[in-house]
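Every chain is numbered from 1, with letters handed out A, B, ... down the list of sequences. This structure is a prediction, so every number in the text was calculated from the model and none was measured.
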2 protein chains.
Amino acid sequence: MHSFTEENYLKAIYHLSEGNTMAVSTNQIAEMTNTKAASVTDMLKKLAEKKLINYIKYQGVTLTSTGVNAAVNIIRKHRLWEVFLVEKLGFKWDEVHDIAEELEHINSETLINRLDDFLGNPVADPHGDPIPDRSGLIKHKKLVKISEMQTGESGTVSGVNEHSSVFLKLLEKLGLTLGTKIIISELIEFDGSIMLTIDQKTERTISREVAKNILVIL
Amino acid sequence: MHSFTEENYLKAIYHLSEGNTMAVSTNQIAEMTNTKAASVTDMLKKLAEKKLINYIKYQGVTLTSTGVNAAVNIIRKHRLWEVFLVEKLGFKWDEVHDIAEELEHINSETLINRLDDFLGNPVADPHGDPIPDRSGLIKHKKLVKISEMQTGESGTVSGVNEHSSVFLKLLEKLGLTLGTKIIISELIEFDGSIMLTIDQKTERTISREVAKNILVIL
DNA sequence: TATTTTATTTAGATTAATCTAAAAATATCG
DNA sequence: CGATATTTTTAGATTAATCTAAATAAAATA
Ligand SMILES: [Mn+2]
Ligand SMILES: [Mn+2]
Ligand SMILES: [Mn+2]
Ligand SMILES: [Mn+2]
């Protein structure tokens, strides 16, 4: 199969491709993988050789369909392990990412499919991100940033754009964990901060910066 | 911490040291790790440098107490993951070793201790091998090979000396899985094979070779 | 468009883990 | 004990992944 390192590059390219249709640049990959551009170029040659990416010198890269499959499979494993850690071992949602970074490289189709069944075939990980099924299919939900909502609109917190432990801990403190129902009560013009009602009870104001990183289903 | 490879060498040295008090030889390690003696020598220098082994040129190696701790911790992880795979994911006892070889290198003290609790702090893995507790303590049971038992003696199958899938599948076919009660009915002088009664019901003959690899508690 | 800045690639080294072949040490046996 | 066989170590290469510094291509800007 692919090496630990190759897998991490594939995953990085996949995440950088999400949303935009553009090719991914060498520097973007270097930043995401904490390496230098020269190292990335070397690896890109190798991945292109293996037909996992489309690579033209100076023009950036896209994943081939084989490459997408490989990346999605790693993401499937990552997210299922995160669910396991939270649901079965009692970890908190801000504690599981680093361990899942290791577990996602364990190689066994049977293992991951049995884990999937054991967990009850979850559709989302502890951060609300969708879990690809065993055929690689991802069911994306229509999510909106709180910062894009209008006064009076309501929704359910269902995802985050920022996965750092500090941010996730903050959301807990604010009572804005997944599943929480919110209603926008006021948009403060002065600094863009947002007043909202949480679970029909608490009234709270959050900064635009925080609002941009919380995703809701309307 | 230690690299994947270093961990595998430590584990190999530990297993080769079990039982005998002698120092372990370069060739033994090479055989166990599927490498060549020259590669082993290189690694031994490195492990000695890190104070994980006592190494004198041409004289073989022993683990230091730091080395033993490291090795025991890997074995703890290996065996707990094996229990998880069998008890929670429904794998059979002959299917889990290779996956556990990968999982044993996942680095998280918290993870493994929570897994331990989740599994109900098992004392033995699916092959009957003892699981070190979080302080590294191993409770060895007094086990006897069937080949060393006398006519009339009885006991409970509680371990194996051979972990290959073919052997484990054979034991299942013979009805000699862990927990099975046996009574020695006759020792066949001609070829050393052994007749025994399984669970007070079935009468069976097994070869000396098979008998040598089944361990019982009297 | 020419110049300057930025991004990317190449060249050349380094480190970890491995190997083969040769040299050196130890063990075995007549 | 000394010759022979075995084991272990050293020497020198190789491969994967990384780096720094220099060269080159592309993009931005004056
Ligand atoms: Mn994650
Ligand atoms: Mn996640
Ligand atoms: Mn095992
Ligand atoms: Mn086992």
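- The nucleotide whose nearest atom lies closest to any side-chain atom of A:Thr35 is, among C:dC19, C:dT9, D:dT18, D:dT18.
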Output one line per pair: protein atom, nucleotide atom from nucleotides 21-25 of chain D, and distance, for all N/O pairs under 3.5 Å.
unit_1: D:dA25; atom_1: O4'; unit_2: A:Tyr58; atom_2: OH; d: 3.4

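- Between B:Glu148 and B:Lys212 there is no salt bridge, since no side-chain nitrogen of the basic residue lies less than 4.0 Å from a carboxylate oxygen of the acidic one.
- No side-chain N or O of A:Ser207 forms a donor-acceptor pair with one of A:Glu209 less than 3.5 Å apart.
- A cation-pi geometry, defined here as NZ or CZ lying under 6.0 Å from the six-membered ring centre and within 45° of its normal, does not hold between B:Lys88 and A:Phe84.
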Nucleotide N/O of nucleotides 1-4 of chain C paired with protein N/O under 3.5 Å:
none

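- Within the 4.0 angstrom heavy-atom criterion, only backbone atoms of the sugar-phosphate kind lie near B:Thr26; the bases stay farther away.
- Separating the CG atom of B:Asn27 from the C1' atom of C:dA27 is a distance of 13 Å, rounded to the nearest angstrom.
- Following rounding to the nearest Å, B:Asn34 (CG) and C:dC19 (P) show an atom-to-atom distance of 9 Å.
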Carefully, step by step, assess A:His105 and A:Glu7 under the rule side chain to side chain donor-acceptor pair (under 3.5 Å). CA-CA 8 Å; A:His105 301 286; A:Glu7 290 192 345; 2.6 Å; yes
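- Listed nucleotides C:dT18, C:dA7, D:dT18 differ in distance to A:Tyr9; the shortest reach to its side chain belongs to D:dT18.
- Taking only side-chain nitrogens and oxygens, A:Lys36 comes nearer than 4.0 Å to OP1 or OP2 of D:dT20.
- Of the candidate nucleotides C:dT18, C:dT10, D:dT10, C:dT18 has the atom lying nearest to any side-chain atom of B:Met43.
- Using a 4.0 Å heavy-atom distance criterion, B:Thr5 is classed as a sugar-phosphate-only contact.
- Rounded to whole Å, atom C1' of C:dT8 lies 16 Å from atom CD of A:Glu31.
- Nucleotide D:dT6 holds its P atom 20 Å from the CD atom of B:Gln59, rounded to whole Å.
- Salt bridge annotation for A:Arg76-A:Asp133: absent, with no cationic side-chain nitrogen under 4.0 angstrom from a carboxylate oxygen.
- Taking atom OH of A:Tyr55 as the reference point, atom P of C:dT8 lies 9 Å away to the nearest angstrom.
- The distance from atom CG of B:Asp42 to atom C1' of D:dT9 is 9 Å, rounded to the nearest whole Å.
- Taking only side-chain nitrogens and oxygens, B:Ser25 never comes nearer than 4.0 Å to OP1 or OP2 of D:dT7.
- Although no hydrogens or angles enter the test, the distance criterion places a donor-acceptor pair under 3.5 Å between the side chain of A:Glu102 and the main chain of B:Asn107.
- If you measure from atom CD1 of A:Ile29 to atom P of C:dA7, you get 14 Å, rounded to the nearest angstrom.
- Taking the six-membered ring for Trp and thresholds of 30 and 60 degrees, B:His163 and B:His127 have ring planes more than 60 degrees apart, a perpendicular arrangement.
- With respect to A:Asp129 and A:Lys141, no salt bridge is recorded, no charged nitrogen being found less than 4.0 Å from a carboxylate O.
- Regarding B:Lys57, its NZ atom lies at a distance of 9 Å from the C1' atom of C:dA24, rounded to whole Å.
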